[in-house]
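Counting convention: from 1, in listed order, for ligands and their atoms alike. Not measured: the values here are computed from a predicted model.
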Amino acid sequence: MNRSRIIVTALLLAALGALLPLAVAAYASWARAVSQEQSLLDGYAARALRNVTNTLDQGRRAVTEMESWRGTPCSAEHVEQMRRIAINSRYTEQVGYLDNGQPRCSSWGVFANAPGTPRVQAPDAELPDGFRITLRTYPGITGGDPVTVLQRNNIYVLINTSRLSDVIVDDRVQLGVAYGGKVVSTLRAADTDFIAAVAASTTPINDSRYLYAVARQDAWTAVVLEPHGNLRTSLLKELLWLLPIGIIISCVIVALVIRLLRKRLSPLAELTIAVQQREFVVFYQPIINLTTGACIGAEALVRWRRPDGTMVPPDLFIPLAEESGLILPITDQVVETCVRDLRELLVVDRSLHVAINLSAKDITTGRFLSVVQKALEGTGIHNEQIWLEATERGFIDIEAASTNLAKARALGFGIAIDDFGTGYSSLQYLERLPTDALKIDKCFIAAIGRTVATSSVISHIIDMAKTVGLKVVAEGVETEAQAEYLKAHGVEFAQGWLYAKAMPVEDFLAFVRVEAWREVKGA
Ligand SMILES: Nc1nc2c(ncn2[C@@H]2O[C@H](COP(=O)(O)O[C@H]3[C@@H](O)[C@H](n4cnc5c(=O)[nH]c(N)nc54)O[C@@H]3COP(=O)(O)O)[C@@H](O)[C@H]2O)c(=O)[nH]1
């Protein structure tokens with residue numbers, strides 16, 4: 001994944017991580033508010049139903065008690081008894097006596113077609129215990145309040161219908177009581193259509209306007225409802241503690257994403273992925289015989305080709321790779337690539353070699369030897385065609401370095417000391433290390449012909465290398481004057497922009513073909 005994709009993904013993750021806990025907190029607050037309100041309504045509905053049962057039971061008890069009275073109907077004692085029962089029965093407005101289906105007397109006195117005489121109306125239902133119930137009727141004498149009539153044999157009681165819904169509930173709540181789907185009594189300006197619909201339905205009703213609870217017993221239904229908008233207060237209460245938790249979780253997630261992003265975008269993380277994705281390519285810089293002008297091989301120089309195609313020069317990632325240990329798999333990939341790229345060429349032309357840079361870790365651990373040997377297995381490339389370049393950084397553990405390089409040399413690999421002259425103790429290394437060639441660092445080559453301190457050093461390096469019988473390769477040759485100087489001082493080999501820059505394998509193969517053709521033609 002490239003950088004911008006990672007950033008976009010991280011931004012999306014951060015946005016999601018920030019929003020999700022807030023959304024969950026909001027949803028949880030809503031769900032908790034609804035659940036709390038719902039259980040409150042459930043409690044009210046159960047209470048309302050209990051109230052209906054209690055009220056009717058009281059009426060039933062009044063009738064039953066009156067039924068057991070023996071005496072002359074509508075006598076003063078009879079009326080007195082009815083009055084006594086009505087007074088003691090909290091919800092009963094009136095206890096009365098029927099003669100031939102017509103009210104004759106009640107706890108209020110004897111009727112003689114007085115205006116308070118309850119009208120006799122056909123009952124709405126016959127109950128299993130022999131009672132008949134008339135849900136809403138008007139006694140006339142009470143000034144219009146509807147009453148519910150409970151009657152058995154020739155005794156009846158009047159109950160103020162509003163008693164059926166007389167329950168203490170929160171102000172915001174509406175309540176209704178229905179019998180067989182018909183709304184009998186309501187508390188406050190309740191939505192009777194909705195209550196009737198709930199009472200008549202056996203399945204829950206989805207209505208965006210109300211939150212409601214229902215309790216049923218026999219044909220009675222108590223419905224308690226409140227507009228959804230009323231939930232706002234409970235919702236705010238829940239949000240007050242759930243939202244801060246959501247915000248904290250959001251912040252933690254965003255911080256984690258940023259941390260991961262920074263880690264993922266760190267140079268080390270990118271390099272690690274580059275190694276895993278094998279994003280390295282090898283360029284080859286020709287090495288030239290200064291006397292004949294022929295190409296005798298190439299130095300393999302690694303580049304990191306990022307997924308977007310940009311090339312990262314080794315100076316920018318080799319130090320980090322060495323520090324982190326990633327240089328080891330990078331060396332492995334360079335070795336494999338060199339063998340794959342140049343196998344045919346090296347087998348056809350045995351005079352050619354490829355020089356591979358080793359890192360300090362490669363040299364001290366000695367692992368490069370098995371890596372190179374394994375890569376060469378069955379390729380037909382001779383060990384002598386592989387030069388291994390070591391810099392002074394690899395000689396910190398001089399014992400390990402000389403042992404490992406000696407092993408490599410004994411197997412026929414060429415050993416070159418790279419960047420020679422740039423360290424503090426180059427000469428000391430020369431004595432102790434098994435070496436075939438010295439590569440003079442480009443800073444000395446650049447000083448040729450210039451009046452700088454380093455300009456005089458180069459001739460001493462060349463003399464000394466020749467004295468100990470080493471091949472000399474001059475690095476960074478950029479001008480004819482430098483080449484002439486080197487030739488005049490007996491340097492055999494050179495590489496530098498004067499001849500060619502490091503190039504992709506196809507270009508290098510073409511370069512070698514052209515050079516070979518030029519040789520044939522004697523140009
Ligand atoms: N452990 C490994 N180190 C490696 C590997 N590949 C490269 N390197 C080291 O990275 C350093 C930079 O290399 P690079 O940017 O490829 O530069 C090389 C040449 O391009 C450059 N050069 C060659 N000719 C000229 C020239 O005429 N003028 C000029 N200014 N620069 C020139 O020099 C670099 C080669 O240096 P050297 O290795 O010292 O021969 C460099 O230190 C590489 O060693 C790797 O696979 N493993």
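The part of Val334 lying near ligand 1 is the side chain, judged by heavy-atom distances below 4.0 Å. Of all the heavy atoms of Asp418, the ones lying under 4.0 Å from any atom of ligand 1 belong exclusively to the side chain. The proximity of Lys501 to ligand 1, defined as any non-hydrogen pair under 4.0 Å, does not occur for either the backbone or the side chain. Of all the heavy atoms of Val477, the ones lying under 4.0 Å from any atom of ligand 1 belong exclusively to the backbone.
For the ring pair (Phe, Tyr, Trp, His ring centres under 6.0 Å) with Phe508, the qualifying choice from Tyr284, Tyr499, Phe283 is Tyr284, the only one to do so.
Minimum heavy-atom separation, Ile318 to Val302: CD1-CG1, 4.0 Å. Of all heavy-atom pairs spanning Tyr212 and Ile205, the tightest one is OH-N, 2.7 Å. Contact detail for Val472 and Val491: the closest heavy-atom pair is O-CG1, 3.7 Å.
Of the possible polar contacts, one joining the Asn404 side chain to the Ile363 backbone as a donor-acceptor pair under 3.5 Å is found.
Against a heavy-atom cut-off of under 4.0 Å, Gly496 is close to the following atoms of ligand 1: 24 (N), 27 (O). With ligand atoms numbered from 1 in the order given, ligand 1 contributes 23 (C), 24 (N) to contacts under 4.0 Å with heavy atoms of Gln285.
For the residues Glu478, Gln482, Met503, the heavy atom positioned nearest atom 29 (C) of ligand 1 is part of Glu478. Distances from atom 11 (C) of ligand 1 to the heavy atoms of Asp419, Asp315, Asp441, Leu498 put Asp315 nearest. Of the listed residues (Cys443, Pro314, Cys338), the one carrying the non-hydrogen atom nearest atom 9 (C) of ligand 1 is Pro314. Comparing Thr337, Asn357, Ile440 by heavy-atom distance to atom 45 (C) of ligand 1, the nearest is Asn357. Closest to atom 34 (C) of ligand 1 by heavy atom, among Lys442, Glu389, Lys361, is Lys442.
Within the 4.0 Å cut-off (strictly below), no protein heavy atom is located near atom 42 (O) of ligand 1.
Polar contact with ligand 1: absent for Lys439 (N/O pair, distance under 3.5 Å). When only interatomic distances are considered, the shortest N/O to N/O separation between Val302 and ligand 1 falls below 3.5 Å.
Aromatic rings from Phe317 and Phe280 are positioned such that their centres are separated by under 6.0 Å.
Residue-ligand proximity: Arg303 is placed with a non-hydrogen atom under 4.0 Å from ligand 1.
Applying the ring-ring contact (aromatic ring centres under 6.0 Å, His included) definition to pairs two or more places apart or across chains, those involving residues 330-361 are His353-Trp387.
Checked against side-chain contact (heavy atoms from CB on, under 4.5 Å), Glu336 has the following partners two or more places apart in sequence or in another chain: Arg278, Asp332.
Remark: the Thr364 side chain and the Asp397 side chain contain no N/O donor-acceptor pair separated by less than 3.5 Å.
Between Asp419 and Lys439 there is no salt bridge, since none of the side-chain N atoms of the basic residue sits less than 4.0 Å from a carboxylate O of the acidic one.
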